[in-house]
Protein chains: 2
Amino acid sequence: MPMEFETRLADRGRWRADACSAAMVLDLLGTKTVFLVVRECFYGTTRFEDFVERIGVSAPAVSRALRQLESADVIARTPYREAGARTRDEYRLTAAGEDLLPVLLALVQWGDTHLQDGRPPLRFVARDSGDEIRVCVTADHAREVDSDDIAIRAAR
Amino acid sequence: MPMEFETRLADRGRWRADACSAAMVLDLLGTKTVFLVVRECFYGTTRFEDFVERIGVSAPAVSRALRQLESADVIARTPYREAGARTRDEYRLTAAGEDLLPVLLALVQWGDTHLQDGRPPLRFVARDSGDEIRVCVTADHAREVDSDDIAIRAAR
DNA sequence: CCGTATCCACAACGATACTG
DNA sequence: CAGTATCGTTGTGGATACGG
């Protein structure tokens, strides 16, 4: 069952399309690769080569995705140097990027339920209590969990 | 800050890429148009022409998206006839499609916060209480709200 | 008039080659 | 070795034309 508009449906012409936040976000995270880069950031990946390997796409694709996300202020590129090594860049989520956590978890949760045949490959639990983390749609004031309070467990 | 793996990072080779639910979902909802069709379903759109007009894409694009979503069992196509009119199809979310609500709201919520300059064009409230609906990541047992208990208000 | 098939344009990916 | 430019290929969208 759909949601219901309190405004007249005829009034929809004014806001739809570009005004809708969903459309704007999809312009930004539009492609699969871009979003998988965000996923990897949440999973702790910071180095170019690791993005390439773990996402399983080509280096140019990662390069493009990183630049796009950088220009959208979802990730930030900062130079770093390991002892005795040359300067390289590392890529980390900005505060805005961190806020994509509900999107990531909602996608994973749906996939786990409807695409994985039975058991999901990963589980997200609270680091301290071990309780299962869920994304939920509610009017209640639930205690929000931050991404660094979440631990990822491979399904046994 | 990223989440932390309890499994060794070196073990990641086994599950990443195609095993990840996020990647599988993105194969399915991958494109912007496909996802906007889902959005429209939640907003109550059921007829082909309305999808075309409200999403602002061409008819063939809608046709393709609908078929893709149908084959993924996210929406179902059912024939109907208005009094004295020819039979047409209407498109509604399946139960699996309904479960995409957290994904939609998470996207909208992020866009409202980070892309809209200030005030979001739409607000989602509980139909009975009028309380603001939020997507949250939590280990608590919050009361889940179903999509038909949600009303949409245009920002004033 | 609803919905699709067809054709062309463009954007994103992979392979390769290149720069620091 | 990290990261990018270039080029050929594929897939996704729009315009058009067509079938029920």
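We name chains A, B, ... by the order of the sequence lines, and we start the count at 1 in each one.
With rounding to whole Å, A/Tyr80 atom OH is found 12 Å from D/dG3 atom C1'. The CZ-P distance, from B/Arg64 to C/dT4, rounds to 11 Å in whole Å. In this entry the distance linking CG of B/Asp27 with C1' of D/dT10 reads 15 Å, nearest Å. Rounded to an integer number of Å, the gap from CZ of B/Phe51 to P of C/dC1 is 20 Å. Summarising the geometry, the separation between CG on B/Leu29 and C1' on D/dT12 is reported as 16 Å, rounded to the nearest angstrom. If you measure from atom CZ of A/Phe48 to atom C1' of C/dG20, you get 14 Å, rounded to the nearest angstrom. Spacing between atom CG of B/Leu69 and atom C1' of D/dT12 amounts to 14 Å, rounded to whole angstrom units. One can place NZ of A/Lys32 at 15 Å from C1' of D/dT12, the figure rounded to the nearest angstrom.
B/Thr45 has its side chain out of reach of B/Tyr91: every pair of non-hydrogen atoms, C-beta onward, lies at least 4.5 Å apart.
Each of D/dG14, C/dC13, C/dG3 was ranked by its minimum atom distance to the side chain of B/Asp89; first place goes to C/dG3. In the set C/dC2, D/dG14, C/dG3, the nucleotide with an atom closest to the side chain of B/Tyr91 is C/dG3. Distances were taken from every side-chain heavy atom of A/Pro60 (C-beta onward) to each of D/dG3, C/dT4, D/dA5; the shortest belongs to D/dA5. Comparing atom distances between the B/Thr33 side chain and each of C/dG3, D/dG13, C/dT4 picks out D/dG13 as nearest. Comparing D/dA2, C/dC13, D/dG3 against the side chain of A/Glu49 picks out D/dA2 as the nearest.
For A/Arg143 and B/Thr138, the side-chain atoms include no donor-acceptor pair closer than 3.5 Å. Inspection of the A/Ser21 and B/Asp112 side chains reveals an N or O donor paired with an N or O acceptor under 3.5 Å.
Under the 4.0 Å criterion applied to side-chain N and carboxylate O atoms, B/Arg134 and B/Glu132 are not assigned as salt-bridge partners. A salt bridge does not link B/Asp149 to B/Arg127: none of the charged nitrogens lies less than 4.0 Å from a carboxylate oxygen.
Using a 4.0 Å cut-off, some side-chain N or O of B/Arg77 falls inside it from OP1 or OP2 of C/dT4. Residue A/Ser63 has a polar side-chain atom (N or O) positioned under 4.0 Å from OP1 or OP2 of D/dT4. The phosphate of C/dA12 has neither OP1 nor OP2 within less than 4.0 Å of any side-chain N or O from A/Arg67.
Just one of B/Ile55, B/Val57, B/Val62 meets the side chain to side chain contact (heavy atoms under 4.5 Å, CB included) condition when paired with B/Leu36; it is B/Ile55.
Within the nucleic acid shown, B/Val62 has no heavy atom closer than 4.0 Å to any nucleic acid atom. Across all strands, A/Arg47 comes closer than 4.0 Å to no nucleic acid atom at all (heavy-atom distances). Using a 4.0 Å heavy-atom distance criterion, B/Ser58 is classed as a base contact.
In the interface, the side chain of B/Arg88 is not paired with the base of C/dG3 through any donor and acceptor atom under 3.5 Å apart.
For the pair A/Ala59 and B/Gln68, both in contact range of DNA chain D, the more 5′-proximal nearest nucleotide belongs to A/Ala59.
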